[in-house]
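To start, the structure under review is shown below, and the notes come after it.
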Amino acid sequence: MATLVMPPQSDPATLAKRSTTTPSILAEVAASQEHLRSRLAGALTKPPSNIPADSLPSVPLIDIGASFDPKADSQAKNAIAQQIRQACLTTGFFQISNHGISTEAMAGVLKQAERFFHDLSPDQKEELHVKHSPLFRGYEPHDFSYVNPDDKLNGHEHQHQHETKEGFNWGYEAGLDPTGGDGEYVELDGQSPAATGPGNLWPSEEWLPGFYDAIKLYYGQVLQLARHLFRLFALSLALEEAYFDKVTTHPGGIARLLYYKSQPAVAVNGSTTAADGGAARDEGDAKLGLGAHTDYECFTLLLSSSNPGLEILFPPSPLTDDKPVWLPCPVRPGTLTVNVADFLMRWTNGLYKSTIHRVVSRPGSGQRYSVPFFFSINYDADVEALPEEVVGRSNYQPIKAGEYVLERLRATTM
Ligand SMILES: O=C(O)CCC(=O)C(=O)O
Ligand SMILES: [Fe+2]
């Protein structure tokens, strides 16, 4: 899931009382925060001007259509898995086409995002406010959480002191899972949902007719796609295709509707700047939509409206004087953006990369809606190192997936 200062799944005070933490996990968490800080400190906001655009790193587009064909030979699937591997070894970001999510489901969920943020009254939003949910489910005003603690700590001195995003969060429930689940779903702390709170907070049918059905349609499809993709990830690591199946029977799957309001164009010498996908990169007039962060779980599947805003901190390279550089993620309508998150990076012993990203609204940019889905394995699954011949000798201790994510969340909460 996203790296929120307040955790989407659980109230920190409640969860803090419940679990114990080994010092090595705390050291790992501190190292992750430090990595984020040091990467940001040296980052270029644009590439050196002498670098031709086509030699800059980008986000590969992978057509995964053939992987759904039950008659596809192993060669066809392996060719797709190899493209995934290449992307994961470098930035961990790629986009997928022919992913099987219907146009109706994608358009439907984006439409619901628009309705949610514009059609509900302030009182209705207040009723759904995340403060009523011990699981941090529901409506989140823009200033309720900060994804990067440094943005908050720097407070008013910081150019980007506020994130502009507004959100609506919900989590896995068996009724949203086309398989019906296995009845074993637990929250991050290993407790059953009933023991943790009332679960997801949905707007009533009267307020937003059809909202739940549209969410369910998209969520069911994206969940099944995530399970499918995890099989391709297994192949990409030279593991058996079904290697991860047993740990995705009641997976963690937080999803959010996000809304970034449009930013007015700025007059420059009598003309105005327009949304340009980030080419006119005047940092002074940019607004931070969502602070720089990595995601915590296994991987994220992101659907967004056609407006730009997502930026990726590409790792240092000789082309950029060995400095990391912010570049816009391409907008390719109909595709989904996939990024490896920290838990999978850890599980692969650092082989697959979880890369820092953020959302910036530049002058003249229209409103942006997005629907990230943060896919985790079953939160109560005990995760042992992957085979040594695949990822080398692991530097990490076995841990439960939920415990890891919870610890990452705590680091930005307390
Ligand atoms: O809204 C976007 O485009 C990106 C969202 C994101 O990175 C997140 O929620 O973790
Ligand atoms: Fe993210």
Side-chain angles (χ1 to χ4, degrees), residues 1-9 32 36 39-40 59 91-95 106 109-110 113-114 116-117 130 136-137 139-140 142 144-149 151 160 163-171 218 222 226 252-263 275 277-278 286-313 326-333 335-345 353-362 365-376 405 408-409 412:
M1 51 164 293
T3 53
L4 293 162
V5 167
M6 294 291 289
Q9 282 96 339
S32 304
L36 179 60
R39 270 283 156 93
L40 293 177
V59 174
T91 58
F93 264 87
F94 55 97
Q95 289 173 322
M106 292 190 291
V109 74
L110 288 169
E114 207 176 316
F116 184 93
F117 295 110
V130 289
F136 202 73
R137 308 276 168 77
Y139 170 67
E140 194 190 326
H142 74 98
F144 194 76
S145 68
Y146 292 84
V147 79
N148 177 351
D151 284 324
H160 297 308
E163 294 179 348
T164 64
K165 60 92 188 60
E166 284 177 64
F168 172 73
N169 311 324
W170 74 97
Y218 180 75
V222 82
I254 293 285
R256 314 179 78 189
L257 304 178
L258 288 170
Y259 164 52
Y260 305 90
K261 60 178 189 254
S262 58
Q263 294 302 322
K287 286 270 185 300
L288 188 71
L290 187 68
H293 67 282
T294 50
D295 298 341
Y296 293 161
E297 303 199 356
C298 281
F299 56 86
T300 305
L301 279 162
L302 178 78
L303 169 71
S304 63
S305 60
S306 54
N307 277 331
L310 180 61
E311 298 187 353
I312 299 166
L313 189 60
W326 286 110
L327 293 171
C329 183
V331 175
R332 293 174 172 134
T335 68
L336 294 179
T337 302
V338 185
N339 63 284
V340 171
D342 293 348
F343 189 78
L344 187 58
M345 178 157 86
K353 304 296 186 287
S354 167
T355 289
I356 297 166
H357 53 283
R358 67 181 181 185
V359 176
V360 178
S361 304
R362 298 188 181 278
S365 66
Q367 51 195 4
R368 174 183 173 86
Y369 296 92
S370 69
V371 190
F373 169 77
F374 307 103
F375 186 65
S376 169
V405 175
R408 295 298 306 276
L409 290 168
T412 50

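Note that ligands are numbered from 1 as they come in the structure, with each ligand's atoms numbered from 1 the same way. Every value quoted in this text rests on a predicted model; they were computed, and no experiment measured them.
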Considering only heavy atoms, which of Arg368, His293, Arg256, Glu311 lies nearest to atom 10 (O) of ligand 1?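 Selected option, by shortest heavy-atom distance: His293.
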Atoms of ligand 1 close to [X] [distance to a heavy atom under 4.0 angstrom, numbered from 1]:
X: Ser370; answer: 1 (O), 2 (C), 3 (O)
X: Leu290; answer: 5 (C), 6 (C), 7 (O), 8 (C), 9 (O)
X: Leu258; answer: 1 (O), 5 (C), 9 (O)
X: Val359; answer: 1 (O), 2 (C), 3 (O), 4 (C)
X: Tyr260; answer: 1 (O), 2 (C), 5 (C)

How does [X] reach ligand 1, by side chain, by backbone, by both or by neither, if only non-hydrogen atoms under 4.0 Å count?
X: His357; value: side chain
X: Lys165; value: neither
X: Thr300; value: neither

Taking side chain as C-beta onward, heavy atoms only, is [X] less than 4.5 Å from [Y]?
X: Arg137; Y: Ile254; value: yes
X: Phe375; Y: Leu301; value: no
X: Val360; Y: Tyr260; value: no

Closer than 3.5 angstrom, by distance alone: can the side chain of [X] be matched with the main-chain N or O of [Y] as a donor-acceptor pair?
X: Ser361; Y: Gln263; answer: no
X: Asn307; Y: Ser365; answer: no
X: His142; Y: Glu163; answer: yes

Quick one: closest heavy-atom pair of Phe168 and Phe116, and the distance?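 The pair with the smallest heavy-atom distance is CD1-CZ, 3.4 Å.
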Please work out the angle at the Fe ion (ligand 2) defined by atom NE2 of His293 on one side and atom OD1 of Asp295 on the other, rounded to 10°.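 Centred on the Fe ion (ligand 2), the NE2/OD1 angle is 90° (to 10°).
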Does Pro372 have a non-hydrogen atom less than 4.0 Å from ligand 1?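 The answer is yes, since Pro372 has a heavy atom less than 4.0 Å from ligand 1.
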Ring centroids only, cut at 6.0 angstrom: are Tyr259 and Tyr369 within range, meaning strictly under it?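 Yes, they do, as the ring centres are separated by less than 6.0 Å.
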